[in-house]
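Letters A, B, ... are given to chains in the order of the sequence lines, protein chains preceding strands, and every chain is numbered from 1.
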Protein chains: 2
Amino acid sequence: MGFKLGILGLGTVGCGTVQLLSNCDGRHPLLEEIEIYRVGVQNPDKPREVELAKGVLTTDLEAIVTDPEIDIVVEVMGGLEPARELMLKAIRNGKHVVTANKAAISRFGDELYTAANQAGVYVMLEASVGGGIPVIQPLKQSLSVNQIQAVTGIINGTTNYILTRMQDEGSSFDDVLADAQKLGYAEADPTADVEGLDAADKIAILASIAFDGGINREDVYCEGIRQISKTDIEYAQKLGFVIKLLGIAKKVNQSSLSVRVHPTLVPSGHPLASINGVNNAIFVEGEPIGEVMFFGPGAGAGATASAVSSDILNLVSQLISLPESSSKDSKYKIPNLNPLLASFHQKDCQLAPPEELVTRFYGRFLTKDQPGVIGKLGTCFGKCGVSLESVVQTGFQDKLAEIVVVTHDVTEGSFHKALDEIRNLEAIDSIPSLLRVL
Amino acid sequence: MGFKLGILGLGTVGCGTVQLLSNCDGRHPLLEEIEIYRVGVQNPDKPREVELAKGVLTTDLEAIVTDPEIDIVVEVMGGLEPARELMLKAIRNGKHVVTANKAAISRFGDELYTAANQAGVYVMLEASVGGGIPVIQPLKQSLSVNQIQAVTGIINGTTNYILTRMQDEGSSFDDVLADAQKLGYAEADPTADVEGLDAADKIAILASIAFDGGINREDVYCEGIRQISKTDIEYAQKLGFVIKLLGIAKKVNQSSLSVRVHPTLVPSGHPLASINGVNNAIFVEGEPIGEVMFFGPGAGAGATASAVSSDILNLVSQLISLPESSSKDSKYKIPNLNPLLASFHQKDCQLAPPEELVTRFYGRFLTKDQPGVIGKLGTCFGKCGVSLESVVQTGFQDKLAEIVVVTHDVTEGSFHKALDEIRNLEAIDSIPSLLRVL
C-alpha cells in the first residue's frame, strides 16, 4: 500500500504539514502509509524550514494535479486563482483534494463539490475553518443527526486578539492594531481580518455544512471592528457584556437563514465570552443535543497542519476500508462516496432579508442635556414596536449627555425605523455607536 | 436499502434515541434509511414516553442479538451483565454494536474490540463519554495525527453541579447533595458519581483512545469529592483556583501514562475553570495542535441520543460507501474495517506507579500557634525536595493556626515523605485537606 501526496504551496501551513508527516512517531500508524511525493512552489530557491527529498520540490503545479501517481492533492497555497483551477483539474484527474482555503471554498464550494461527486472523489476542508479545531467533520459526522438551530463562532483570531487587548488594557483599536502588526498577530494589510471578510468566508462554510445547503458568499452581511471604541467596551462591560466579532448562522424560519458577521455584545456568562486572544471557538445549538462548543487555536502552522493531516488520514482510512478491487485497481472511481466524508449541498440556502432579522441592539446616543430626552427616545422606540431592556444615562461627553440603550429582540427593520425618527429629534446630537447583542 | 436496528433497553437514553430517529425532519437524510426493528425490554407493560409500532417491543433480548434481519444492535441498557454477554453475542452474529455503556467498555473494551475485529464489525461508543459532546470520534479521526500529551476532563455532571453550587452558594457538600437528589441531578445512591467511579470509567476510555492502548480499569487512581469542604473552596478561590473533579490521562514518559480521577485546584484562567453546572468538557493537549477543548451537555436523554444516533449514522454512512457486493450481499463481513471507525488497542498502556506521578499539591494544616511553625513546615518540605510556591497563614480555627501551602511540581512520593515528617512535628495538630493542583 502507500498513498502519494501532491502538495500545492509550501508556506506556513504547507511547512507545518510536511513537518507533521515527516515525524510519525506517536501519531496514528496509518500516517506511515503516506508519502510526500511532490510539493509545488513558485520559487524553489526560497529558504524554507523543511527539507524535502530530492526531486520532490517542483515549480510545475499543473504536473502535480495531473500526475497519475498522485492520490491526494493538498492545496495549501491559498487565494482564489490558480487554487480553484488547480483543485478542479486535480478532481477531474481523479484525485482527492484536501484544502485549507476558506476563500475558495466559500465562493466555489458548489463547483468543487459537484465536480468531486461526479468524479467520485472527496474534497476535505477541515483546515478552512477554526485552524486546528475539529469542527467540520464533527458537524458532518456527529451533529448532523440534530436539527441545527444556530452556529455562532469566534472564527478570526486576529480580531479576537485585538478586542481582548482593548478590553484588558483599555487601549484604542488603532494602538492595539499597530502593536499586533509588530508582533505578527495582524498582517501588514489587515483588511480581510478587521473588516470581517475572513470571518464571513468561514461562517459561510459553517452555515453550508450545518444547514446542508449552498450559501451565496456575497449575501453574507459583514461588519468589522474598526469602529469599536474603548468607550463601548467599557459600557458593555458595565452592562455585563464583552464585545466579540462573531460569525452567526441561524435558522430564521423553516425556509430561511440569517448568516452574518458583526461585532456583538456577548453576555459575560456565555461560553463564548471567555474565549480570549487568538483562540477560536464555535458554539452550536441543536435539537436534541442542546449547546456544544469547540475551542482551540484558530491559526498557526501546527494547528492548521493538524487539521490538514487529519483530512488526509480520514481519506486514507476510508480508502483502505474499500475492497482491493474498488480502491486500488480502479483507483479513480469509488463506487459510492461516504456521505459523511463527501461534501454535498442538498439545496441552496435562502438567506432572510436583513431587515427581517431579529436581534437585540445596543445603541449609544449623545443628546443635548434637556429634561425629557429619555422619554422622547423611549417614545420613538415604542412607536416602532421596539421594546427596551434598559436605558441608562451614563454621563456627559463635552456638554452632551450620553445615553446607552439596550433593546429586547426586534427586527432590524423596526429598529432602523426608530433610529430614523430619533435622528430627527431636535435633542439628539449624534449616535456614535450601534451594536448587536447576542 | 434500509438498515435495521435492534435496541437493547428503553430507559432515558433508549427513549431519547427512539424519539430522535422517529422524527427525521431537518436531520441528516440518511437517517431515513434506518428502521427501528426491535426494542428489547424487561417489562413491556411499563409506561413509556415513546410509542412503537406493533411487534417491535419484545422481552427476548437474545432473539435480538441473533436475529439475521438486524444490522446494528444499540445497547442502551447499561450495567455490566447481561450487557457484555449480549454485545458479544451480537458481534459474533455479525452485527455492528453501538453502545453508551461506559462501565462495560472501560472493563471489557479489549474483549469486545477483539471479537468485533475478528467478526469484521464495528463497536461504536461516542455516547459512553461526555453525553452529547462529540469527543470519541474527534479524538480518533481528527486528533490522532497529533502526539497526545494529556486529556483532562470534567466528565461527571453530577459532581460538577455539586461543586459549582458549593462554590456559588458557599454551601456544604451534604446540603448540596441532598438538594441535588431532590432535583434529580444526583441519584438516590450517589456513590458512582461522588466517589469518582463514573469519571474513572470515562477517563479510562478516553485514555485508551488518546493513547491507543488498553487501560486496566482497576489501575485508575480514583478519589471522590465527599471530603471537599467549603473552607477549601474559599481558600482555593482566594489563591486563584476553582475546585473541579477532573479525570486526567497524561503521558508521564515514553513508556507510561498516569490515569486518575481526583478533585483538583484548577487555575481560574484555565478553560476548564469556567465549565459550570452539569456541563462536561474535555481538554486535549497535543503536538502540534496545542490545546483544544470540547464542551457541552454531559448527560440527558437528548444529548446522549444525539451521540448514539451519530454512531448509527456513521455506521450506515460507512456501509453504504462499500460496493454492493461487499456491503449487502455478504452483509456480515466487511473486507477491511475503516481504522478510524473501528476500535483497536495497539498495545496495553503501562500506568506509572502513583508515587512517581508529578503534580502540584495544595495542603491545609492546623498547627499550634507557635513562632517558627512555618519555618518548620518549610524545612520538612525542603529536606524531601518539595519546593513551595506559597505558604500562607490564613487565620485561626479554634485556637489553632491554619496554614495553606501550595507546592511546585513534585512527585507524589516526595510529597508524602514530607507529610510523614510533618505529621511527626510537635506543632502540627492535623492536616484537614490535601488536594492536587492542575
Side-chain angles (χ1 to χ4, degrees), chain A residues 16 19-20 25-31 126 132-134 137-138 141-148 212 271 274 281 286-297 300-303 305-307 309-310 312-314 317-318 320-326 334-341 346, chain B residues 16 19-20 25-31 126 132-134 137-138 141-148 212 271 274 281 286-297 300-303 305-307 309-310 312-314 317-318 320-326 334-341 346:
Chain A
Q19 277 169 339
L20 193 158
D25 201 39
R27 311 185 196 283
H28 198 290
L30 252 192
L31 291 176
E126 184 61 81
I133 307 170
Q137 282 308 115
Q141 298 191 320
S142 304
L143 300 181
S144 61
V145 299
N146 292 276
Q147 296 166 339
I148 303 295
D212 203 14
S274 51
E287 187 283 327
I289 195 171
E291 303 175 341
V292 290
M293 189 174 79
F294 304 90
F295 160 90
S306 168
S309 305
S310 76
I312 299 169
L313 182 68
N314 268 286
S317 179
Q318 176 70 24
I320 65 164
S321 70
L322 299 174
E324 280 302 309
S325 63
S326 69
I334 295 176
N336 303 297
L337 291 171
N338 179 327
L340 295 182
L341 280 187
Q346 297 283 342
Chain B
Q19 277 168 338
L20 192 158
D25 201 37
R27 311 186 197 283
H28 199 291
L30 253 191
L31 292 176
E126 184 61 80
I133 307 171
Q137 282 308 115
Q141 300 191 319
S142 304
L143 299 181
S144 62
V145 299
N146 291 277
Q147 295 166 339
I148 302 295
D212 203 14
S274 51
E287 186 283 328
I289 195 170
E291 303 176 340
V292 290
M293 189 173 80
F294 304 91
F295 160 89
S306 168
S309 304
S310 76
I312 300 169
L313 181 68
N314 268 286
S317 179
Q318 175 70 24
I320 65 163
S321 70
L322 299 174
E324 280 301 309
S325 61
S326 70
I334 295 176
N336 304 297
L337 291 171
N338 179 328
L340 296 182
L341 279 187
Q346 296 282 342

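Residues passing the side-chain contact (heavy atoms from CB on, under 4.5 Å) test with A:Ser144 are A:Leu340, B:His28, B:Leu313, sequence neighbours excluded. By the side-chain contact (heavy atoms from CB on, under 4.5 Å) test, A:Gln147 is found to be paired with A:Glu287, B:Asn23, B:Asp25, B:Arg27, residues two or more places apart in sequence or in another chain being considered.
A:Ser310 OG to B:Asn146 CG: the interatomic distance, rounded to the nearest 0.5 Å, is 8.5 Å. One distance of note links OG of A:Ser142 with CD of B:Glu126; it measures 5.5 Å at 0.5 Å rounding. The CG atom of A:Asn338 lies 7.5 Å from the CG atom of B:Asn314; values are rounded to the nearest 0.5 Å.
When all heavy atoms of A:Ile133 and B:Val292 are compared, the closest pair comes out as CA-CG1, 4.4 Å. Shown here for B:Ser306 and A:Ile289, the closest heavy-atom pair between the two residues is OG-CD1, 3.6 Å. Nearest heavy atoms, B:Pro339 versus A:Leu30: CG-CD1, 3.6 Å.
Across A:Gly286, A:Ser274, A:Ala303, the residue that shares the most heavy-atom pairs under 4.5 angstrom with chain B is A:Ala303. Per-residue heavy-atom pair counts under 4.5 Å with chain B were compared for A:Pro138, A:Pro297, A:Ser309, and the maximum is reached by A:Pro297. Of the listed residues (B:Gly26, B:Gly132, B:Pro134), the greatest number of heavy-atom pairs within a distance under 4.5 Å of chain A belongs to B:Pro134.
For A:Leu143, the part lying near chain B is the side chain, with the backbone staying farther off; criterion is any non-hydrogen pair under 4.5 Å. Within the 4.5 angstrom heavy-atom criterion, only backbone atoms of A:Glu291 (N, CA, C, O) approach chain B.
Counting heavy atoms from C-beta outward, A:Gln19 and B:Pro288 have side chains that stay 4.5 Å or more apart.
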